[in-house]
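Atoms within a ligand are numbered from 1 in the order they appear, just like the ligands themselves.
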Amino acid sequence: MKGIFICIEGLDGSGKSTQAKLLTKKLCKAGYNAVFTAEPSQGKIGKLVRKCLFEKERLPTTVEALLFAADRIEHVKNTVVPALTEGKIVISDRYVYSSLAYQGSAGLDLTWIETINANAKKPDLSIFIDVAPEIVLERLKRKKSVMENLQTQLHVYEIYQKYVARGELKKIDGAKSKKDVLNALYAEVVCFLKKNRV
Ligand code: TMP
């Protein structure tokens, strides 16, 4: 059986986690066998990375990039591949484009980030939930992580847009209502699944 691997990308506060979860539910309701997962993952390295994100001092960026890449290998091996092998549709909240956008925004060479992620399974479909950096920062009411400042988010947004322009990331307007965003996301995914005869 062949599953389908979909990743959802976006800025912090873009609503992508909520949308990825709602999308998974909506697909299941429609009879698809979909599962939700996320990065940083629930594995050992993922938990460590998440903890570091809320510490005062940011890790050296190369260390950050390597940790995210290591977490990804664990995530793919333990969660993504087993679900795909069972023929499931795997919806991942963040994946390699997050490393390109976030660690790239901190000055790392994008080609090097691609190299350390070269063994990560390629997603079948990658979607960017598009909300402007100024809007997402206003939305974030909780304690902000080391990534959640305007300068970082502006740069992260710029890099994501590069991949949108290249056609690698499919853009969904995330500034609309929660329901409208979900409907647009669902329509995009179902269209892809039908094209791929799922
Ligand atoms: P989250 O808020 O979507 O759970 O993600 C946590 C933070 O981790 C978010 O600020 C983005 C950051 N991140 C990276 O910097 N690189 C990565 O490769 C991933 C997966 C997340």
Working to the nearest 0.5 angstrom, can you tell me the gap between E86 CD and K2 NZ?
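Here the rounded value is 15.5 Å.
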Check ligand 1 against [X] and write out every atom of the ligand that is under 4.0 Å from a heavy-atom position of the residue.
X	result
S98	16 (N), 17 (C), 18 (O), 19 (C), 20 (C)
L53	6 (C), 7 (C), 8 (O)
M147	10 (O), 15 (O)
K16	3 (O)
Q103	14 (C), 15 (O), 16 (N), 17 (C), 18 (O)

For atom CD of E57, decide whether the heavy atoms of other residues, nucleotides or ligands shown that lie under 6.0 angstrom number more than 12.
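At most 12 heavy atoms, drawn from other residues, nucleotides or ligands, come within 6.0 Å of this atom.
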Could you tell me whether some N/O pair between [X] and ligand 1 is separated by less than 3.5 angstrom?
X	result
D12	yes
R72	yes
S17	no
Y102	no

Walk me through it: do K44 and E74 pass the test salt bridge (charged side-chain N to carboxylate O under 4.0 Å, His left out)?
CA-CA 9 Å; K44 270 187 206 155; E74 204 176 28; over 6 Å; no
Reference residue Y160; test side chain to side chain donor-acceptor pair (under 3.5 Å); the match among E9, H155, K171:
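Output: one option passes, namely E9.
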Applying side chain to side chain donor-acceptor pair (under 3.5 Å) between S99 and each of R72, R94, E114, report the one that passes.
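For S99, the side chain to side chain donor-acceptor pair (under 3.5 Å) test succeeds with only one of R72, R94, E114, which is R72.
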Candidate pair L27 and I91, rule side-chain contact (heavy atoms from CB on, under 4.5 Å), full reasoning:
CA-CA 10 Å; L27 286 169; I91 310 288; 3.9 Å; yes
How does V96 reach ligand 1, by side chain, by backbone, by both or by neither, if only non-hydrogen atoms under 4.0 Å count?
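It is neither; nothing of V96 touches ligand 1.
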Does some side-chain heavy atom of I172 sit less than 4.5 Å from a side-chain heavy atom of D130?
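No - every pair of side-chain heavy atoms lies 4.5 Å or more apart.
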Assess the residue pair N117 and Y97 against the criterion (side chain to side chain donor-acceptor pair (under 3.5 Å)); give the C-alpha distance rounded to whole Å, side-chain angles, the decisive distance to 0.1 Å, and a yes or no.
CA-CA 10 Å; N117 284 284; Y97 290 107; over 6 Å; no
heavy-atom search around atom 18 (O) of ligand 1 in the protein gives S99 OG, 2.5 Å
Nearest-contact summary for atom 13 (N) of ligand 1 - protein heavy atom, Å:
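For atom 13 (N) of ligand 1, the nearest protein heavy atom is F68 CZ, 3.3 Å.
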Which is closest to atom 4 (O) of ligand 1 in terms of heavy atoms, E64, R94, R50?
R50
If the plane angle is over 60° it's perpendicular, under 30° parallel, otherwise tilted; pick one for F5 and Y95.
perpendicular
